[in-house]
Amino acid sequence: LLEVDGTYRATSRSVPGHENEIRSIPTWQARDDDVLICSYPKSGTHWIWEVVSMLMRSKAERVPGVKESAMLELIPQSRFDNLPSPRVLNTHLQYGQVPKDMLNRRCKILYMIRNPKDISVSFFNHHTKLLDYEFTGSWEQYLPRFLRGDVDCGSWFDFTLSWENFIVQIPDYPILAVYFEDMKNSNPLREIERIAAFLEVPCDVMFLERVAQLCNFNEMKRDKEPLEDAEDWRDGKPDMYRKGVVGDWKNWFTVGQNDLFDKVFSERMKNSQTNVRFS
Ligand code: A3P
């Protein structure tokens, strides 16, 4: 069942020449006030990046530039050196690959989590629509690939277990887990307030309400980012902000696919905390 395939090409993350930059990440110099967002792709990285970036600047306005311009594995360190403090950085790397200096300095980390079933659907659409991937497979072909971890940035299971281990091994490290589902379904203001408290930024309710409003899905989709070049996307239609909902997987999974997913999930995550939330 895990062997069905579609043709596939890795993205710019594995383009030769960028390899050395990526290899040098563990030795990067950090700053004490750096904040790092860690997430598996399609977990809501753009969303939380926007929230955190507004909170850290104490300004409820969108920054010119995009979260890609702050991504450890895409940008050479020299370009980060020019960014003013406090820097809001992000990564899809596992914890063993992030800069050691950042961990030694105990830079704050936000760990964004989303139901992996929704992630698989979102990532399939991403692979299909972003031309860089040259992915021509169907959803039926993609899901086994996702479960195997044979996709951009590797396995969701490995990523999640890596960060969970980090939390267990260093229980007093300043890291905050944020669930996409809580940001979306519960009171978003309460989640943003929780993030602000973690970041120790002073803010009043009006400011938080404005941040919540500007970071709501429709607003973010409308103001979509300049780097979302139309020519990078199938049919010239950027689709980074696709649906922004919880539970879209139910529109995609067959009963058999759901059973397969649950089986792999319970095997891989049997000792995991995430199991409690999504099984
Ligand atoms: P869907 O494809 O399910 O719509 P990332 O930023 O990590 O690539 O994650 C992208 C996913 O987050 C997409 O999911 C996107 O629509 C969703 N998203 C982005 N901004 C959002 C927001 N403000 N509110 C809700 N979902 C958002």
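Residues take their numbers from the sequence shown, with the count starting at 1. Note: hydrogens, waters and symmetry copies are ignored here, and every other heavy atom, side chains too, is used. All ligand and atom numbering here is 1-based and tracks the order in the structure.
Counting heavy atoms from C-beta outward, W139 and Q257 have side chains that approach closer than 4.5 Å.
Counting atoms of ligand 1 from 1 in the listed order, those under 4.0 Å from a heavy atom of Y241 are 16 (O), 19 (C), 20 (N). For ligand 1, the atoms sitting less than 4.0 Å from at least one non-hydrogen atom of M240 are 13 (C), 15 (C), 16 (O), numbered in the order shown with element in parentheses. Counting the atoms of ligand 1 from 1 in the order shown, those under 4.0 Å from a heavy atom of H46 are 5 (P), 6 (O), 8 (O). Ligand-side atoms of ligand 1 in range of K42: 5 (P), 7 (O), 8 (O), 9 (O), 10 (C), range being under 4.0 angstrom from any heavy atom. Near G244, meaning under 4.0 Å from any of its heavy atoms, are these atoms of ligand 1: 1 (P), 4 (O), 16 (O), 25 (C), 26 (N). Set against the non-hydrogen atoms of S122, the atoms of ligand 1 under 4.0 Å away are 1 (P), 2 (O), 3 (O), 13 (C), 14 (O). Set against the non-hydrogen atoms of S43, the atoms of ligand 1 under 4.0 Å away are 7 (O), 9 (O).
Between F124 and W252, the ring centre distance stays below 6.0 Å. The ring of F123 has its center no closer than 6.0 angstrom to the ring center of W156.
Checked by distance only, ligand 1 and K184 stay at 3.5 Å or farther apart across all their nitrogen or oxygen atoms. Note: an N/O pair closer than 3.5 Å links R242 and ligand 1 by distance alone. Considering backbone and side-chain atoms alike, P41 places every N or O at 3.5 Å or more from each N or O of ligand 1.
With respect to the salt-bridge test (charged N to carboxylate O, under 4.0 angstrom), the residues R242 and D248 qualify.
In this structure, S39 falls outside the shell of residues with a heavy atom less than 4.0 angstrom from ligand 1. N216 counts as a contact of ligand 1, since one of its heavy atoms falls under 4.0 Å from the ligand. Within the 4.0 Å heavy-atom cutoff, W49 does not count among the residues contacting ligand 1. For R114, the heavy-atom gap to ligand 1 drops under 4.0 angstrom. Within the 4.0 Å heavy-atom shell around ligand 1 one does not find M183.
At least one test fails for R114 against the ring of Y40: distance under 6.0 Å to the centre or angle within 45° of the axis.
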When you look at W163 and F166, which way does the ring-ring contact (aromatic ring centres under 6.0 Å, His included) test go after all the steps?
CA-CA 5 Å; W163 282 104; F166 175 77; 5.4 Å; yes
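Within 6.0 Å of NZ on K100 lie more than 12 heavy atoms contributed by other residues, nucleotides or ligands. Within 6.0 Å of atom NZ in K59, 12 or fewer heavy atoms from other residues, nucleotides or ligands are found, so the atom counts as exposed in its surroundings.
Considering all non-hydrogen atoms of both residues, K117 and N115 come closest at N-OD1, 2.9 Å.
Note that the CD1 atom of I109 and the CG atom of N90 stand 12.5 Å from one another [nearest 0.5 Å]. Within the model, atoms NZ of K263 and CZ of R268 stand 13.0 Å from one another, a figure rounded to the nearest 0.5 Å.
At a heavy-atom cutoff of 4.0 Å, ligand 1 is contacted by the side chain of M220 but not by its backbone.
Between the choices W47, W249, F180, the shortest heavy-atom distance to atom 22 (C) of ligand 1 belongs to W47.
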